[in-house]
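Below is one structure; the comments refer to it alone.
Atoms within each ligand, like the ligands themselves, are counted from 1 in listed order.
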Amino acid sequence: MPAIPDPTPDPPPPPPALDQLPVADLQRVGPRVQERLARLGIHSVQDLLFHLPVRYQDRGLVVPLTDLRPGAEVQIEGEVGETQISYGGRRSLKVWLTDGTATGEQPIPGGVLLRFFHFSPQQVAALRPGVRLRCYGEVRQGPNSLELVHPEYRLCGADEAPPPAPRLTPIYPSTEGLQQSSWRGLTDQALALLAQHPPGECLPAAVLAGFALPDLGTALDYVHRPPLAASLADLTERRHPAFLRLAFEELVAHQVSLRRLRLAHLRTPAPVLAGDGGLRRRLREVLPFALTPDQEQAAAEIAADLARALPMQRLLQGDVGSGKTVVAALAALQAIESGRQAALMVPTELLSEQHYRGLATWLEPLGVAPVWLTGRHKGRERTALLAAIAAGRAPLVIGTHALIQEEVRFADLGLSIIDEQHRFGVHQRMRLREKGAQEGGAPHQLIMTATPIPRSLAMTLYADLDLSVIAKAPPGRTPIVTVALPDGRREAVIGRVHDACAAGRQAYWVCTLIEESEALQAQAAQETARQLGDCLPGVRVGLVHGRQRAPEREAVMAAFAAAALDLLVATTVIEVGVDVPNASLMIIENPERLGLSQLHQLRGRVGRGARESHCVLLYHAPLSVQARDRLALIRATLDGFRIAEEDLKMRGAGEVLGTRQTGTLEFRVADPLRDQHLTGAAQRAADLILARYPDLVEPLMQRWLGRREVFGVV
Ligand code: ADP
Ligand code: MG
């Protein structure tokens, strides 16, 4: 009988992938460290490797103590000469360090003072005279000598100094209770594991083949431990190909997540709003102007979307004053022609009133009566409005957040329009969408924004939306002339206001404050209105601010619009939407306190008529160099795209677009503005992955987005 061969032993199991290796498997990771890492979303060894340094230090060099300069971050080495616990002022441990490069002129001959405010008895014992130390820290000018406050330090043996670091030293974003040395220890272990088994590749080979970028393992190794020769500037600005490799993958992950969201939206059917064109034709007849080619194009794109059974998700970008409202009105009419309701949600009551009145003027002649719903509608009036909306008797509802309250029910909402998109949180936009989501269908959505951004950036940030752009303003506008004057010239500026008002023109005077407090802002505006009233007898001065009750504020606005007031003193509440063409002069106090986009929006309140308009930036001297540059840019251009781009560079996308809190813009390596050149390729790669490599989607999401959910703007 033939011997039964021994069963072949199972091959050893393959090493677990890095995303399957819990950080707890690393040395020196107990429950406490584990909990701290979890706070940063780090659970696996892979997560740890994708937690990237924010900056680097050069510890390849030991700087002689005579070469120290205040402000420099340095590595030094020396012998403890003397230690002392000082009780004068704040209790501190002082340790004098010398390295024999004495010049004799320094207060501590050839030395530097290490100062510790927190220290243990063990530390005092260890830092005794004669001990050799290697320290790293920032040099400061102390009262009597150069100092390093709380340097990192390490004891070295008497004659063998530890070798200098062979690589640049990374500094990691951290959380309480995790020292940089712990991060380095942890990433050392993770990098060692990385050398044994490379991380899973989330990009298809076809995509990688098109790039001359390092592979993932090499890129990670480089960004965690760059060679000493690497340029610190290149690293900090993340220009090195290793960063590009990671940034590209992150952009792809972001695109995949947003496009997946878009595909999910598209799975819900939407009502076909073809319309017969009747109302739209009649609107064009009553309009006092013809649409510009850009407006026509945007209107046509929207009309085509609405006629399909898929929910439109379209962003209409156009600078302030570019004429987005009429495009929105045409869209609303198309929904109404098709027997459905439309809703227009705006961020402020003031703007909702402006839209309500403006649209009523256009639409009432066509037999379409818009309905206005805000928080101020109470009691019986409100009940009647809600009943009309629920019964489908309100074809177009214009309002604030009041539109998304629980009790508001639409009979058959076909289109929701959101104006000044950046002022809304993502959840508010989703709620409006849900309002129309009866019978398993979703309404179409049109989202409008007056912070125009470069197309490639919009492609990254709004990858779940289609984009229409009104690039050129309607003709016949006279450019606004902008000047900057120091507040020492205030009287002359008041004189200009006087002359303008005497000549029958109207003016805005905008007060700004750094404080977020509306009460303080209102106070400042009140005080300014009083002063200007005193200086300008005969000029009718009105006041609007955020603390007024709506009816009061609206009465003032209406009076200004009807030219019953000459000068409107306001806080930045008038930034959005207000349209009074006869106002041709705007004074902005302390413009240096505002972001560029905000200044541009404010200035857009003038320049709406045929007369030449002026904007005076009345700044508080002296200006910082940066503030001077920013005001110079505002003066030099009226191009909203250019201003937005500069603003994005200075303040970052989250700040400018108001999306920081929503999670839309949290990138780890990529910077959607700086990495614009990668956008097109990232989008193509994302489409390829979704179409042909569905298995890569989850690993990619897990790696870059982890447990975070990324929202689109809707
Ligand atoms: P925004 O894009 O800032 O919302 P609006 O829709 O408020 O701009 O339009 C600004 C002004 O331009 C309004 O007074 C509007 O009636 C006017 N307007 C819009 N389109 C045109 C056009 N094609 N020709 C002339 N004026 C126009
Ligand atoms: Mg508008």
Pairing of [X] and [Y] as salt bridge, 4.0 angstrom limit:
| X | Y | result |
| --- | --- | --- |
| Arg284 | Glu296 | yes |
| Arg280 | Glu337 | yes |
| Lys324 | Asp294 | no |

I want to confirm something. Looking only at heavy atoms, which of Gly604, Gly318, Pro474 is nearest to atom 25 (C) of ligand 1? Pro474

Judged on heavy-atom distance to atom 8 (O) of ligand 1, which of Gly323, Gly607, Pro288, Pro293 sits nearest? Gly323

Is ligand 1 under 4.0 Å from a heavy atom in the side chain of [X], in the backbone, in both, or in neither?
| X | answer |
| --- | --- |
| Ile470 | neither |
| Arg608 | side chain |
| Ala450 | neither |

If I apply the N/O under 3.5 Å rule, does Phe289 come out as touching ligand 1? no

Counting only nitrogen or oxygen atoms and a 3.5 angstrom limit, does Gln295 reach ligand 1? yes

Results of ring-ring contact (aromatic ring centres under 6.0 Å, His included) for Trp372 - residues two or more places apart only: Tyr356, His377

Number the atoms of ligand 1 from 1 as they appear, then name those within less than 4.0 Å of a heavy atom of [X], with their elements.
| X | answer |
| --- | --- |
| Asp319 | 2 (O) |
| Thr325 | 4 (O), 5 (P), 6 (O), 7 (O) |
| Val320 | 3 (O) |
| Thr292 | 23 (N) |
| Ala290 | 22 (C), 23 (N), 24 (N) |

[X] and [Y]: which non-hydrogen atoms are nearest, and at how many Å?
| X | Y | result |
| --- | --- | --- |
| Tyr462 | Leu315 | CD1-CD2, 3.2 Å |
| Gln317 | Ala458 | NE2-CB, 4.0 Å |
| Pro443 | Leu413 | CB-O, 3.8 Å |

If we only count heavy atoms from C-beta on, is the Leu532 to Val569 side-chain gap below 4.5 Å? yes

Measuring from non-hydrogen atoms of Ser322 to any atom of ligand 1, is the shortest distance under 4.0 Å? yes

4.0 Å heavy-atom contact, Gly358 with ligand 1: no

Contacts table for residues 634-643: side-chain donor-acceptor under 3.5 angstrom, sequence neighbours left out:
| unit_1 | atom_1 | unit_2 | atom_2 | d |
| --- | --- | --- | --- | --- |
| Thr637 | OG1 | Asp639 | N | 2.9 |
| Asp639 | OD1 | Phe641 | N | 2.8 |
| Asp639 | OD1 | Arg642 | N | 3.4 |

